[in-house]
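The sequence lines fix the lettering, A, B, ..., with proteins before strands; numbering per chain opens at 1.
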Amino acid sequence: MSEQEISQFERQRQEKLSAIKELGIDPYGGRYEGSEAAFDVKGRFKEDDQTQRAKSAGRIVLLRDIGKLIFITLRDWSGTIQVGLSKSLLSGQWGLVKLIELGDIIGAAGQLGKTKTGEITIWADEVTILSKSLMQPPEKFHGLADVDMRYRQRYVDLWANPEVMPLFKKRSDIVACIREFLRGRGFMEVETPMMQSIAGGAAAKPFITHHNSLDMDLYLRIAPELFLKRLLVGGMEKVFEINRNFRNEGLSRRHNPEFTMMELYQAYGDYNVMMDLTEELISFLAGKFCENNQVQFDDMKIDFGRPWRRAKYSELLKEYSGCDINDIVAIRKKAKELGIDEMGMDDAVVINEVFEATVEDNLINPTFVMDYPAAICPLTKRKKSDPNYAERFEMYIAKMELANAYTELNDPAVQEENFHHQLRGQHDTMAKMDEDFITALKYGMPPAGGLGIGIDRLIMVLTGATSIRDVVLFPLLKNVVRE
RNA sequence: GGGAGUGUAGCUCAGUCGGUAGAGCAACGCACUUUUAAUGCGUAGGUCUUGGGUUCGAAUCCCAACACUCUCACCA
């Protein structure tokens, strides 16, 4: 279909638009003051008070025309409210009233009352058209079901499917609570570069862009870690950042190429401090946003009740794969059984492959996995008691990695060595040495605990949404090729 | 990138053995001042994702492309 060609529906709506203009009315409205959220109007309604008035604005999502009386359901960001348009109350405006239709945005004011059937209703004595809709809205009962269209036209999805707006409101509330919680504990929010000349702090393929006047290639950041640690060097003691990371990798139910990460650093702390903080923060959120501290997620019932399990990496490996972490022969045998191509992989990588293949699917309730093999943790301080292991934990919920934390490595010599050391079998390693970060460490970084929490995934487990695309307003999609 | 599935009216979906397409909602017309997915009667609406092929004949069978979903791979 060519773009010039407009549908019969759009043509019909254009005619109504013209008819509204002919009445001398601007079909696109303007400032509209004094309107109240539908939710609030319903909340303050009193049974036998005849003097109540209300004024609301929103989109018409249902319309029942009974001749000289029209019932309309208006939806705004807070919910819906019924408006009754009666010819006897609106005789002067009846010409306009008969021209409005599903999808239009209107304002209405009048006495607040109830209908015979008990529905709280604004009996309008004044109606204002605020925006004429030229497009046909989706089916009123099923809404917009086509997932592709829901993501491409989120601006329709948000009002056509009633559960969508509350979900994104909840996301906003959760993020606000995280900020409130952290600020309450003395953390300072900062913003560090999203465009970096060296994409460091994680092992992932970056997106590349170019700055013209500096004639310089830049990477969209894969993590803020190395910049936040520079702030520790600078003397900030408790910092956090909530912002986007970008990773040039595959998409899935759990992966969007741009995703929101909360990273925080606390000077003089360690990974045990981070563990307590993680448990307290997420428990606080679960208590606030989840009924009975539980969430149904797919076929899993997640229980956020404390205390959360804290188990060693080696312990979980033993529990679910049957292998002792020190018995590399048995682990390689297990890897073969699992179909992992372990030839040419370093031991630590094979162990981690087996771990991921056997353990992850069992981690449903919040679980801290502690003490990772040091070889796969280049930014982490090793355990004093056993330098083969690093003071790192990952926290899992519903088989997903939600958080990752370290006792941060602050020895510049060890850090430099780790940057140089490449593990065979790992596709991406720290691509380029960040010399300036090493310089920063040489000035002295206080010992610290650091934590990263994947915000999108956290929203998923707190709301029961099983696809990251349901908690991201505009997830990345392929372009539709237009002829 | 691999595998499986899906793509039909503006939307939600049927479509049997291969015989040129159906419903509900929305739209248009008429009626209706207490509806709740309002109702009743009537009208109109389709390049069956796109391009090839098989066939007398394709929404239906085959091939390819495109998009989406699930899944695997990738993903400290």
Atom [atom1] of [X]: over 12 foreign heavy atoms under 6.0 Å:
| X | atom1 | result |
| --- | --- | --- |
| A/R244 | CZ | no |
| A/Q14 | CD | yes |
| A/K383 | NZ | yes |

- Task: Sticking with atom C1', work out how far B/A9 lies from B/U71, rounded to a whole angstrom.
- Result: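 Looking at atom C1' only, B/A9 and B/U71 are 32 Å apart.
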- Could you measure between the two C1' atoms, the one in B/G18 and the one in B/C74, and give it in whole Å? 43 Å
May I ask you to say what [X] touches in the nucleic acid, namely base, sugar-phosphate or nothing, with a heavy-atom cut-off under 4.0 Å?
| X | result |
| --- | --- |
| A/K16 | sugar-phosphate |
| A/Y151 | sugar-phosphate |
| A/R247 | nothing |
| A/D65 | base |
| A/T73 | nothing |
| A/G143 | sugar-phosphate |
| A/I70 | nothing |
| A/E119 | base |
| A/M149 | sugar-phosphate |
| A/I66 | base |

- Verify whether one side chain among A/Y151 and A/D146 offers a donor that lies under 3.5 Å from an acceptor in the other. no
- Message: Please tell me whether A/E315 and A/Y313 have a donor and an acceptor in their side chains that are separated by less than 3.5 angstrom.
- Response: no
Side-chain N,O ([X]) to OP1/OP2 ([N]) below 4.0 Å:
| X | N | result |
| --- | --- | --- |
| A/K205 | B/A76 | no |
| A/K87 | B/C32 | no |
| A/R152 | B/C68 | yes |
| A/K478 | B/A67 | yes |
| A/K140 | B/A26 | yes |
| A/R64 | B/U35 | no |
| A/R253 | B/U71 | yes |

- Task: Report the residue (A/Q136 or A/K68) whose heavy-atom-nearest nucleotide on RNA chain B is the more 5′ of the two.
- Result: A/Q136
- Task: Between A/L102 and A/L63, name the one whose nearest nucleotide on RNA chain B is closer to the 5' end.
- Result: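 That would be A/L102.
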In whole Å, I'd like the distance from the [atom1] atom of [X] to the [atom2] atom of [N].
| X | N | atom1 | atom2 | value |
| --- | --- | --- | --- | --- |
| A/K399 | B/C75 | NZ | C1' | 18 Å |
| A/L69 | B/A31 | CG | C1' | 15 Å |
| A/L251 | B/A73 | CG | P | 16 Å |
| A/N256 | B/C68 | CG | P | 13 Å |
| A/E10 | B/C11 | CD | P | 13 Å |
| A/L476 | B/U69 | CG | P | 11 Å |
| A/E249 | B/C72 | CD | C1' | 16 Å |
| A/E360 | B/A76 | CD | P | 11 Å |

Which one, [options], comes nearest to the side chain of [X]?
| X | options | result |
| --- | --- | --- |
| A/E101 | B/U12, B/C28, B/C68 | B/C28 |
| A/F9 | B/C13, B/G10, B/C11 | B/G10 |
| A/D148 | B/C74, B/U69, B/A67 | B/A67 |
| A/H142 | B/U12, B/G10, B/A67 | B/U12 |
| A/D146 | B/U12, B/C75, B/U71 | B/U12 |
| A/A145 | B/C68, B/C13, B/C11 | B/C13 |
| A/L144 | B/U34, B/A76, B/U12 | B/U12 |
| A/A202 | B/A76, B/C75, B/C11 | B/A76 |
| A/F141 | B/C68, B/A37, B/U34 | B/A37 |

- Message: For a quick test of reading the model, state the closest non-hydrogen atom pair linking A/P366 to A/W308 and the distance between them.
- Response: CB-CD2, 3.3 Å
- Message: I'd like to know if A/Q82 reaches the base of B/U35 with its side chain such that a donor and an acceptor end up less than 3.5 angstrom apart.
- Response: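 Donor-acceptor pair under 3.5 Å: yes.
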- Note on the structure: Relative to its sugar, using the 90° cut-off around 0, the base of B/U20 is syn
- Query: If anything within 90° of 0 is syn and all else is anti, what is B/C17?
  - Reply: syn
- Answer yes or no on whether A/R154 is positioned over the face of A/F474, meaning its NZ or CZ is under 6.0 Å from the six-membered ring centre and within 45° of the axis. no
- Message: When you measure from the centre of the six-membered ring of A/Y372, is the NZ or CZ of A/R392 closer than 6.0 Å and no more than 45° off the axis?
- Response: yes
- salt bridge (Lys or Arg N to Asp or Glu O under 4.0 Å) with A/D104: of A/K16, A/K132, A/R59, A/R75, only one passes, and it is A/K132
